[in-house]
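Computed from a prediction, not measured in an experiment: that's the story for all the values here. Here, residue 1 is the first one in the sequence, and each next residue gets the next number.
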Amino acid sequence: MKVSLEGSTNTMIELADMLKFSQDCARQCYSAKQFCDIKNEDSKPKLLETLLNKGHHSVFGHVHLTFSLAGIPKTLAMILNNEKAFETSEKSARYTKMSDVKDEQQELYDKWIGKLEPHINTAYPNIKFKDKREKTVERLAMENARYMISVFTPTNMMHTVSLQQLNFLLHDFDNFIEKNIKGNDIFKKRVAEEMIDFNKQMKNYRVKELKNMTGRQLSFFGNPMEEFFGDVYATNYNISFAGFAQAQRHRTINYKVTEGYEL
């Protein structure tokens with residue numbers, strides 16, 4: 001066996017190179033040649049057209065892109081983090097103070113950090129983390145004070161996704177925008193506005209034929225589950241947005257918001 005690294009996040013910047021690489025991966029399926037030879041040959045425009053128009057989209061999953069998303073609203077970050085597959089590294093509201101917060105929310109956030117620190121200090125006299133008790137108490141206070149700020153508060157994160165999945169998301173965002181941008185649901189309308197901005201900034205990576213044809217929709221919103229407990233389980237329970245975001249870190253479990261967000 002010979003293993004060779006043939007592609008990584010940083011080797012391809014232009015969309016044309018990403019499409020060429022994906023097309024070469026498709027050629028490997030029926031070619032007796034090794035990939036090192038295939039990739040040095042000219043592009044096959046007709047093959048690429050066939051792959052895109054006939055739904056052979058899995059080959060576009062070989063290209064992964066890592067984006068720095070600075071100032072992304074927490075809600076949109078949660079929507080991205082609910083779709084499989086991805087890798088994400090997000091600024092923690094436990095270890096860092098939230099910023100870019102509206103004045104009235106910032107006032108409440110700072111106020112409750114001040115109220116919570118002495119309360120936590122008294123309620124949990126034995127708590128410590130690496131012998132830095134004061135820092136641990138401050139982190140717990142920040143973690144709880146974030147309930148005073150909007151779920152649309154900007155955050156920063158690194159997000160890695162395949163070219164295939166990115167375009168499926170852009171297509172799903174288009175559908176969500178069309179359905180909700182003029183609707184009466186204030187929450188979904190605000191989400192749609194953020195999706196418009198996201199899609200505009202992703203235009204250089206857009207492949208119009210690369211659409212989600214699976215029939216599935218964004219997994220963040222859904223309907224209540226029929227409860228079942230056995231080798232697998234399905235259940236419904238109340239949780240905050242902050243709790244939902246934490247639960248998403250268990251990436252083998254599927255979560256969706258069913259009701260209550262409009263409040």
Side-chain angles (χ1 to χ4, degrees), residues 1-70 72 76-90 156-178 195-220 248-249 251-252 254:
M1 181 190 303
K2 180 181 178 181
V3 179
S4 302
L5 177 64
E6 298 292 352
S8 73
T9 299
N10 296 322
T11 58
M12 291 172 284
I13 303 298
E14 299 297 329
L15 180 60
D17 295 331
M18 300 176 195
L19 296 176
K20 169 66 164 60
F21 183 85
S22 300
Q23 167 218 271
D24 291 343
C25 290
R27 289 187 62 198
Q28 182 69 92
C29 297
Y30 62 83
S31 175
K33 300 176 183 178
Q34 294 187 26
F35 190 82
C36 58
D37 297 319
I38 294 174
K39 70 178 183 179
N40 290 323
E41 296 179 359
D42 292 338
S43 179
K44 308 288 184 182
K46 289 186 177 180
L47 172 59
L48 181 60
E49 183 179 347
T50 298
L51 294 170
L52 289 170
N53 292 328
K54 292 193 175 182
H56 300 299
H57 293 162
S58 63
V59 293
F60 301 97
H62 286 292
V63 177
H64 282 72
L65 309 170
T66 298
F67 295 100
S68 169
L69 303 175
I72 182 173
L76 192 57
M78 291 168 67
I79 289 173
L80 289 174
N81 289 341
N82 219 52
E83 300 299 323
K84 312 284 192 301
F86 68 94
E87 297 298 333
T88 197
S89 300
E90 185 180 337
N156 303 318
M157 75 176 188
M158 301 296 294
H159 196 76
T160 299
V161 65
S162 74
L163 181 65
Q164 176 194 24
Q165 177 71 356
L166 174 62
N167 276 273
F168 281 10
L169 284 171
L170 297 177
H171 179 239
D172 290 341
F173 282 9
D174 283 341
N175 292 336
F176 187 92
I177 292 165
E178 183 179 2
M195 287 179 175
I196 290 173
D197 183 34
F198 183 88
N199 281 12
K200 284 181 179 178
Q201 297 197 53
M202 291 294 177
K203 63 181 181 180
N204 290 338
Y205 311 99
R206 193 81 184 250
V207 183
K208 64 180 182 179
E209 300 91 349
L210 198 53
K211 297 180 180 180
N212 182 2
M213 296 186 291
T214 64
R216 73 173 190 261
Q217 299 177 354
L218 292 172
S219 63
F220 188 78
Q248 285 180 318
R249 302 185 190 284
R251 298 180 189 179
T252 58
N254 296 320

| query | Rounded to the nearest 0.5 Å, how far does CG of Leu48 lie from CG of Asn53? | reply | 9.0 Å
| request: Give a yes or no answer on whether the side chain of Gln28 reaches the backbone of Phe35 with a donor-acceptor pair at less than 3.5 Å. | output: yes
| request: Report the distance from atom NE2 of His171 to atom CZ of Phe176, rounding to the nearest 0.5 Å. | output: 15.0 Å
| task | May I have the step-by-step check of side chain to side chain contact (heavy atoms under 4.5 Å, CB included) for Leu65 and Leu163, ending in yes or no? | result | CA-CA 7 Å; Leu65 309 170; Leu163 181 65; 4.2 Å; yes
| task | Give, for atom CD1 of Ile177 and atom CE of Met195, the distance between the pair rounded to the nearest 0.5 Å. | result | 7.0 Å
| message | Before you tell me yes or no, could you show the steps for Glu90 and Asn81 under side chain to side chain contact (heavy atoms under 4.5 Å, CB included), namely the whole-Å CA-CA distance, both residues' side-chain angles and the distance that decides it to 0.1 Å? | response | CA-CA 10 Å; Glu90 185 180 337; Asn81 289 341; 3.4 Å; yes
| Partner set under side chain to side chain donor-acceptor pair (under 3.5 Å) for Lys84, not counting sequence neighbours | Asn254
| remark: Smallest heavy-atom separation, Lys211 atom then Phe168 atom, equals O-CE1, 3.1 Å
| message | Surrounding CD of Glu87 (heavy atoms of other residues, nucleotides or ligands, distance under 6.0 Å), is the total greater than 12? | response | no
| Aromatic ring pairing Phe67/Tyr205, orientation class (parallel under 30°, perpendicular over 60°, tilted between) | perpendicular
| message | I'd like to know if the side chain of His57 and the backbone of Leu52 have a donor-acceptor N/O pair within less than 3.5 Å. | response | yes
| For Glu49, does the CD atom sit with more than 12 other heavy atoms under 6.0 Å from it, leaving out its own atoms? | no
| query | Where do Leu76 and Leu69 land on the side chain to side chain contact (heavy atoms under 4.5 Å, CB included) test, with the steps shown first? | reply | CA-CA 11 Å; Leu76 192 57; Leu69 303 175; over 6 Å; no
| task | Output the distance between atom OG (Ser22) and atom CG (Leu51), rounded to the nearest 0.5 Å. | result | 8.5 Å
| said: Please check this pair: side chain of Ser89 against backbone of Met157, looking for a donor-acceptor N/O pair closer than 3.5 Å. | reply: no
| note | Here the gap from Asp24 atom CG to Lys44 atom NZ, rounded to the nearest 0.5 Å, amounts to 9.5 Å
| said: Return the CG to CG distance between Leu210 and Leu166, rounded to the nearest 0.5 Å. | reply: 9.0 Å
| salt_bridge(Asp174, Arg206) N-O dist < 4.0 Å | yes
| said: Has Lys20 got a side-chain atom pairing as donor or acceptor with Lys39's backbone, closer than 3.5 angstrom? | reply: yes
| Side chains of Gln201 and Asp197, donor plus acceptor under 3.5 Å | yes
| said: Could you work out, with side chain to side chain donor-acceptor pair (under 3.5 Å) as the rule, every residue matching Gln248, not counting sequence neighbours? | reply: Asn82
| field | Residue pair Phe198, Leu170: steps toward the side chain to side chain contact (heavy atoms under 4.5 Å, CB included) verdict | value | CA-CA 9 Å; Phe198 183 88; Leu170 297 177; 3.8 Å; yes
| Just by modelled atom types, is the Val59 backbone N or O under 3.5 Å from a matching donor or acceptor in the Gln164 side chain? | no
